[in-house]
Amino acid sequence: MPGTAHPNSAASGPHTPVPPPPPGYAPGGPQADAQSRAPHAEASVPPSSGPAPGPHGGTPDPHGGTPDPRVAGYGAGAESAHGPSGDRTPGAPEEPGQPTQPPRPPQTAQPAGPGPSPEHQTPAQGTRICAVCHAGTVAQDGYCENCGHAQPRERDHMERELPGVAAVSDRGHRHHRNEDFFAIAEGALPDGSPAVLAVVCDGVSSASRPDDASAAASGTAARSLLAALPGGTHPQRAMHDAIIAAAKAVNALAAAPQQHDPYRQQNAPACTFVGAVVGGGLLVIGWVGDSRAYWVPDDRNAAPVRLTEDDSWAAQMVANNLMSEAEAYADDRAHAITGWLGADAYELEPHTASFKPDGPGVVVVCTDGLWNYAEAAEQLAAVLPADAHDRPLHSARTLVAHALAGGGHDNVTVAVVPFPAPPGRAGSD
């Protein structure tokens, strides 16, 4: 019987029907069949030799524990979007073009009489200039003293880059906060060769504290991978264990005291998960939910492929031969997710797969805020710059800009990971 669908609303962008899983594909096991979805040789995976690495026990803080200095993305902008930093009341109407927070009355009157206008005054060193009117200075409470607008939060738009990986996340045009989050990091394999990882999580909007859930999951998974890979754990097993660790971090949020929110149902925090590890000639993917990973070869004459299968109601109906593809994707429940990280998850089934690409390329790891506007692998490859392997940050920016230009109806987060991993700084502090 199909799993229970999470009450997450379908993304508002246009959709192309997702092809059903290939025959014989059984996601959830540590050796998911990847041969039928990508022209890569699947690596063998030894069984786990012990408990999952990383910080699995205890109760993490709201964002998944102490930030690891090796992890970019996590820790910067991971704070909850509450208070005068610019968040509107959850559940309030989200109209495009409206300010994130109603402006307050200006706190400092403009000088009367002749004199230089504020935009021509030279601010003192360290003074923050308003991002809205570009004239007033920003007070300590985060509001402009000239126009009264709250300033954009750091989490509204985040960009991070490391050698061999880059990621960009944006709030989009319609949402009042960014409920996506990512973590990217450089690690090392036992022989000292570099390993690069990216984790992207999408908070389930219908759940409580989705922004906290995505931050906790991405940070915890990255730290788990960084701890496991140098010790010799196979990358695919390390990814499986990292998903379990991320799920425990999100589950712990449900036990933490919560401030009552009259505009939102008080259910368990939840998020989706997708991650990629590149190192040692292997590409390893792990996912739960409908966030995706794509492979785009440098040789654009070769076919790009999608590496993940959605945990969605429609995909499950088709996979179980309960409905035709046309019937399933015409249903209003088509894009309801059937897998997620959270205390109310029906059953946690981490999906993992490993590949050995036969040439260079890039892995695009993203939330549905992107693939709603470039769902097929060919569509995404057409938007991705040809020099993505050498300029991952520029490529991530380009993909995010494509989603925003298409409507930006959802938060959008993209990580671009070149394969093979560049020499980088593996093994260094």
Side-chain angles (χ1 to χ4, degrees), residues 61-63 67 69 71-161 166-183 203 209-212 214-215 219 259 261 263 369 393-394 396-397 400-401 403-405 408 410-413:
D61 70 11
H63 301 124
V71 180
Y74 176 78
E79 70 281 349
S80 294
H82 300 298
S85 59
D87 194 13
R88 293 200 325 218
T89 303
E94 300 173 9
E95 297 296 334
Q98 295 298 317
T100 304
Q101 182 88 319
R104 69 171 188 182
Q107 298 298 300
T108 303
Q110 297 301 311
S117 60
E119 59 265 32
H120 294 119
Q121 295 177 1
T122 301
Q125 184 177 2
T127 300
R128 184 180 174 193
I129 301 300
C130 177
V132 179
C133 70
H134 305 288
T137 57
V138 180
Q140 292 184 350
D141 62 1
Y143 290 86
C144 175
E145 295 181 328
N146 177 50
C147 69
H149 278 99
Q151 298 305 290
R153 294 154 296 179
E154 182 180 7
R155 187 159 172 169
D156 284 352
H157 185 88
M158 299 180 294
E159 298 187 359
R160 301 289 183 268
E161 183 178 31
V168 176
S169 181
D170 194 274
R171 178 170 62 94
H173 298 318
R174 304 250 176 169
H175 278 255
H176 69 282
R177 64 181 173 187
N178 190 354
E179 296 170 354
D180 290 357
F181 212 73
F182 68 82
R209 300 169 64 193
D211 49 341
D212 288 345
S214 61
Q259 182 177 359
D261 184 348
Y263 298 95
L393 179 58
H394 168 71
R397 288 170 174 167
V400 169
L404 296 178
D410 199 356
N411 308 143
V412 52
T413 302

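- His157 pairs by the side chain to side chain donor-acceptor pair (under 3.5 Å) definition with Glu159, Asp170, not counting sequence neighbours.
- Between Arg177 and Asp211, at least one side-chain nitrogen of the basic residue sits less than 4.0 Å from a carboxylate oxygen of the acidic one, meeting the salt-bridge criterion.
- Side-chain contact of Ser169 with Asn411: a donor-acceptor pair under 3.5 Å is absent, judged by distance alone.
- Annotation: side chain of Arg171 is not in contact with side chain of Arg155 (no heavy-atom distance under 4.5 Å).
- Summarising the geometry of Ser214 relative to Glu179, their closest heavy-atom pair is OG-O, 2.8 Å, with the distance given to 0.1 Å.
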Given Asn146 and Thr137, is the side chain to side chain contact (heavy atoms under 4.5 Å, CB included) satisfied, shown in steps? CA-CA 7 Å; Asn146 177 50; Thr137 57; over 6 Å; no

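- The structure places SG of Cys133 at 9.0 Å from NE2 of His149, a figure rounded to the nearest 0.5 Å.
- Val412 is listed as a side-chain neighbour of Leu404, based on a closest heavy-atom distance under 4.5 Å.
- In this structure, CZ on Arg160 lies 5.5 Å from CZ on Phe182, to the nearest 0.5 angstrom.
- Every residue two or more places apart in sequence or in another chain that forms a side chain to side chain donor-acceptor pair (under 3.5 Å) with Asp180 is listed here: Thr367, Thr413.
- Counting only heavy atoms from C-beta outward, the side chains of His175 and Asp410 approach each other to under 4.5 Å.
- Rounded to the nearest 0.5 Å, atoms CD1 (Ile129) and SG (Cys144) are 8.5 Å apart.
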